[in-house]
Number of protein chains: 2
Amino acid sequence: MQKKEVTIYDIAQALQVSPATVSRGLKNHPSISKKTCQKIQETAQKMGYRSNALASSLRTSRSFTLGVIVPRLDSNFMSTVLAGMEKSAVELGYHLIIMQSFETLEKEKECAQLLFNHRVDGLLVSTSAETGHIEHFAPFLAKSIPVLFFDRAPLDPHPFSSVTIDNHRAGYELTRIMLQKGATRLLHITGNTGLRVYKERLEGFKAALKEFNLSYSTDNLWQTNLGVEDGIRAAAKILQMHPLPDGIFVANDTCAIAIINHLQSNNILIPGQIQVSGFNNDPFASLFTPQLTTVEYPGIAMGERAVETIIDLIQNKIKTTKKESLDFKLINRSSTR
Amino acid sequence: MQKKEVTIYDIAQALQVSPATVSRGLKNHPSISKKTCQKIQETAQKMGYRSNALASSLRTSRSFTLGVIVPRLDSNFMSTVLAGMEKSAVELGYHLIIMQSFETLEKEKECAQLLFNHRVDGLLVSTSAETGHIEHFAPFLAKSIPVLFFDRAPLDPHPFSSVTIDNHRAGYELTRIMLQKGATRLLHITGNTGLRVYKERLEGFKAALKEFNLSYSTDNLWQTNLGVEDGIRAAAKILQMHPLPDGIFVANDTCAIAIINHLQSNNILIPGQIQVSGFNNDPFASLFTPQLTTVEYPGIAMGERAVETIIDLIQNKIKTTKKESLDFKLINRSSTR
DNA sequence: TTATTTTACGCAATCGATTGCGCAAAGCGA
DNA sequence: TCGCTTTGCGCAATCGATTGCGTAAAATAA
């Protein structure tokens with residue numbers, strides 16, 4: 001039923017040359033004459049040949065495949081990063097196998113294992129919330145397969161590369177905006193502070209408080225999942241407070257908007273009574289009333305840099321691991337004064 | 001420097017058995033004794049063996065890889081679908097190579113070609129805006145590699161499977177909501193109506209108009225890219241109209257919100273003067289004031305169904321192509337009366 | 001014309017895992 | 001103990017492409 005696959009052997013036979021010549025001719029190898037190359041490519045076309053990437057990868061032990069592990073795919077920010085990654089990867093002749101860890105260490109391990117067996121040329125990881133150690137990436141190190149963390153990286157020191165933003169400074173500056181406008185009772189609503197990104201934003205937050213001679217208490221640190229429902233719950237809790245806080249640092253836009261929305265419908269004025277800041281600059285952050293003060297987090301660029309860097313590592317254009325920090329941009333809008 | 005890969009041959013040698021036995025022992029083949037299996041797996045572990053998926057795929061010509069082509073990754077809806085796909089795929093022992101067509105036919109072709117060469121076991125496609133014909137998927141058909149369209153499918157008849165929603169009915173019902181509340185001058189702001197999804201929503205829109213004895217004119221059909229800026233532009237144009245429309249059908253939430261926002265800041269009351277409906281039920285659609293009437297578009301479920309179906313096709317559990325239509329849910333909120 | 005360099009191509013081993021078929025040893029009943 | 005069925009495992013071909021090395025033919029130089 002199924003016609004057999006056309007291979008370079010079939011082409012070789014048809015043209016009365018050796019498979020070696022066909023293999024070379026197909027990729028315009030200099031030691032094959034122009035004429036022969038042309039002939040080979042034509043007949044390949046005619047015979048419906050398709051190169052077998054598997055066989056090629058097996059032989060050369062290069063798959064031109066990058067593995068990507070993310071906590072989840074369905075997040076605005078993450079899909080932006082992935083878009084950037086895919087674009088750069090394709091431009092450089094690679095492609096992506098994307099997997100989700102669902103924020104669990106166990107899944108992350110499984111993904112790593114699978115991608116390891118699949119002979120990816122490099123691995124791009126944004127760690128799960130549970131990722132305390134990184135032993136499961138040791139096999140990659142042992143085989144000199146580059147691993148690069150993006151956005152969420154483990155704490156230093158670690159023997160891998162990374163592309164992140166300076167979350168400490170972003171947290172600091174965002175907090176400073178609210179403080180400069182007179183806020184004195186700040187709340188910090190964030191994700192799992194076991195994660196470096198959140199931890200660093202928190203440190204920046206603390207540094208700003210200190211600068212303004214305000215004390216920090218863990219009572220003002222709320223760890224949530226930063227979803228819409230978490231925001232609504234947080235807002236409800238805020239309404240119970242006496243006195244109300246006068247500034248809220250929220251570690252992403254979705255949750256920030258949810259909080260604002262719920263507070264507003266309980267007649268709290270934003271920013272009049274409470275200033276609120278977000279993080280990410282999601283597309284809708286500017287469409288809200290008030291418009292959200294936030295940090296533009298360069299998703300596309302981060303994806304591109306991550307891929308470019310890891311491919312440089314793969315191709316040995318750079319020899320040593322590299323920790324990059326991308327520029328972010330403070331978006332100062334009307335949800336803070 | 002680099003230690004050599006451990007293969008089943010090495011294990012075979014270490015255990016004084018044949019590679020065949022090792023291969024079978026590794027996967028608990030019934031014709032190998034429990035004892036031997038155990039021994040093999042232990043030494044494999046000890047020697048740091050990793051199976052070579054490439055070699056295996058080459059031999060068996062099954063890669064357990066699904067190719068996915070989407071117009072772009074960084075869309076809320078698409079990333080949701082992909083999340084569902086990845087989840088189901090992994091559960092069923094497959095994984096995903098994801099590529100973007102950037103809405104161009106040319107890129108879509110290139111992706112298809114690459115995935116074809118990479119021996120994917122199946123292909124999941126959401127077509128680009130330019131995709132008029134589908135000849136570039138013919139090679140898959142010729143090799144009996146299942147192709148399944150999700151969300152955006154080409155016009156029937158075509159020899160492939162699909163998972164979509166009933167866009168006609170969704171468009172119809174959404175329109176009907178506004179009409180029942182008395183709207184008589186409706187605008188339809190949508191994407192490229194060359195795409196079946198938009199075309200069908202428009203047909204539904206027309207059907208509803210007809211039912212209410214309202215005439216349809218192409219003047220009331222605006223094709224845009226449905227982004228934030230497109231919304232702002234559209235809103236500006238709307239403000240010039242005399243009389244104003246009293247209902248706007250917008251084919252996605254992002255654009256709808258942008259329009260509402262711009263109209264509101266020009267003192268138009270929503271839904272008082274103009275009703276507006278969206279499409280997708282993005283997470284923030286309920287956080288806006290007014291909350292957006294929209295259609296819940298089952299992203300995760302669509303991804304899951306698509307993968308489950310294509311794997312059934314791959315494994316020949318179902319023999320014929322299958323066109324599935326998923327349930328959507330009308331979310332009737334306050335942006336319509 | 002002869003010697004030398006270039007050009008163009010072929011040989012054959014190799015990358016690891018899989019599997020149909022065959023065969024020997026072990027287990028069984030009588 | 002003999003013959004028959006199971007059980008457990010090995011042989012060797014195969015999946016396609018790649019590549020270092022060698023060589024014949026063609027081109028160039030002398």
Side-chain angles (χ1 to χ4, degrees), chain A residues 2-41 43-44 47-65 114 116-121 143 145, chain B residues 2-41 43-44 47-65 114 116-121 143 145:
Chain A
Q2 189 71 303
K3 277 167 287 183
K4 257 183 68 60
E5 287 291 341
V6 178
T7 72
I8 54 170
Y9 296 94
D10 302 322
I11 302 179
Q13 186 148 41
L15 255 47
Q16 292 298 312
V17 296
S18 81
T21 303
V22 176
S23 173
R24 294 187 173 106
L26 246 16
K27 41 175 62 72
N28 291 315
H29 190 285
S31 83
I32 304 293
S33 71
K34 290 280 158 241
K35 221 181 307 173
T36 317
C37 280
Q38 183 119 35
K39 255 205 160 17
I40 288 173
Q41 287 168 23
T43 29
M47 297 177 66
Y49 167 79
R50 61 166 173 165
S51 75
N52 190 323
L54 295 173
S56 170
S57 294
L58 174 58
R59 180 62 233 256
T60 61
S61 58
R62 277 171 312 162
S63 63
F64 293 101
T65 300
L114 187 144
F116 189 60
N117 287 346
H118 266 269
R119 301 298 196 265
V120 294
D121 291 342
K143 291 263 181 290
I145 300 169
Chain B
Q2 188 72 303
K3 277 167 289 183
K4 259 184 64 60
E5 288 291 342
V6 178
T7 73
I8 55 169
Y9 295 95
D10 302 320
I11 301 178
Q13 186 148 41
L15 254 49
Q16 292 298 311
V17 297
S18 81
T21 303
V22 176
S23 173
R24 294 189 174 107
L26 247 15
K27 40 177 59 71
N28 292 312
H29 190 283
S31 84
I32 304 292
S33 71
K34 290 281 158 239
K35 223 180 304 174
T36 317
C37 280
Q38 183 119 34
K39 256 204 162 19
I40 288 172
Q41 289 169 22
T43 30
M47 297 176 67
Y49 167 79
R50 61 165 174 165
S51 73
N52 190 323
L54 295 174
S56 171
S57 294
L58 174 59
R59 181 61 234 258
T60 60
S61 59
R62 277 170 312 161
S63 63
F64 294 102
T65 300
L114 188 143
F116 188 60
N117 287 348
H118 266 270
R119 301 300 198 265
V120 294
D121 291 342
K143 290 262 181 291
I145 300 170

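Protein chains get the first letters and strands the later ones, always in sequence-line order, with residue 1 at the start of each. Worth saying up front: this structure is predicted, and the values here are computed from it rather than measured.
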**Request:** Check whether any side-chain heavy atom of B/Ile8 sits under 4.5 Å from a side-chain heavy atom of B/Leu26, and report yes or no.
**Result:** yes
**Asked** Is there a side-chain contact between A/Arg119 and B/Asn52, using heavy atoms and a 4.5 Å cut-off?
**Response** yes
Contacts under 3.5 Å, N or O only, protein and nucleotides 16-21 of chain D:
{"unit_1": "D/dG16", "atom_1": "N2", "unit_2": "A/Ala55", "atom_2": "O", "d": "3.4"}
{"unit_1": "D/dA17", "atom_1": "OP1", "unit_2": "A/Tyr49", "atom_2": "OH", "d": "2.4"}
{"unit_1": "D/dA17", "atom_1": "OP1", "unit_2": "A/Asn52", "atom_2": "N", "d": "3.3"}
{"unit_1": "D/dA17", "atom_1": "OP2", "unit_2": "A/Ile8", "atom_2": "N", "d": "2.6"}
{"unit_1": "D/dA17", "atom_1": "N7", "unit_2": "A/Tyr9", "atom_2": "OH", "d": "2.8"}
{"unit_1": "D/dA17", "atom_1": "N6", "unit_2": "A/Tyr9", "atom_2": "OH", "d": "3.0"}
{"unit_1": "D/dT18", "atom_1": "OP1", "unit_2": "A/Lys27", "atom_2": "NZ", "d": "3.0"}
{"unit_1": "D/dT18", "atom_1": "OP1", "unit_2": "A/Ser56", "atom_2": "OG", "d": "3.2"}
{"unit_1": "D/dT18", "atom_1": "OP2", "unit_2": "A/Ser23", "atom_2": "OG", "d": "2.8"}
{"unit_1": "D/dT18", "atom_1": "OP2", "unit_2": "A/Lys27", "atom_2": "NZ", "d": "3.2"}
{"unit_1": "D/dT18", "atom_1": "O2", "unit_2": "A/Arg59", "atom_2": "NH1", "d": "2.1"}
{"unit_1": "D/dG20", "atom_1": "O6", "unit_2": "A/Arg24", "atom_2": "NH2", "d": "2.7"}

**Message:** How close do A/Ile145 and A/Val120 get, counting heavy atoms only, and between which atoms?
**Reply:** CG2-O, 3.8 Å
**Asked** Looking across every strand, which nucleic acid part, if any, lies under 4.0 Å from A/Val17 by heavy atom: base, sugar-phosphate, or nothing?
**Response** sugar-phosphate
Main-chain N/O of [Y] paired with [X] side-chain donor or acceptor, under 3.5 Å:
{"X": "B/Thr43", "Y": "B/Lys39", "result": "yes"}
{"X": "B/Asp10", "Y": "B/Thr7", "result": "yes"}
{"X": "B/Arg24", "Y": "B/Ile32", "result": "no"}
{"X": "B/Ser61", "Y": "B/Leu58", "result": "no"}
{"X": "B/Asn117", "Y": "A/Arg50", "result": "no"}

**Message:** Distance check, rounded to the nearest 0.5 Å: A/Ser56 atom OG versus A/Arg62 atom CZ?
**Reply:** 7.5 Å
**From CD (B/Gln41) to OG1 (B/Thr36), nearest 0.5 Å** = 11.0 Å
**Prompt:** How would DNA chain C look in dot-bracket form, 5' to 3', counting Watson-Crick and G-U wobble pairs with both distances under 3.5 Å and writing | for bases paired to another strand?
**Reply:** ||||||||||||||||||||||||||||||
**Message:** Tell me the interatomic distance from B/Leu15, atom CG, to D/dC9, atom P, rounded to whole angstroms.
**Reply:** 11 Å
**Fill in**
In numerical order, the residues of residues 28-37 of chain B whose heavy atoms come under 4.0 Å of DNA chain D are B/Ser31, B/Ile32, B/Ser33, B/Thr36
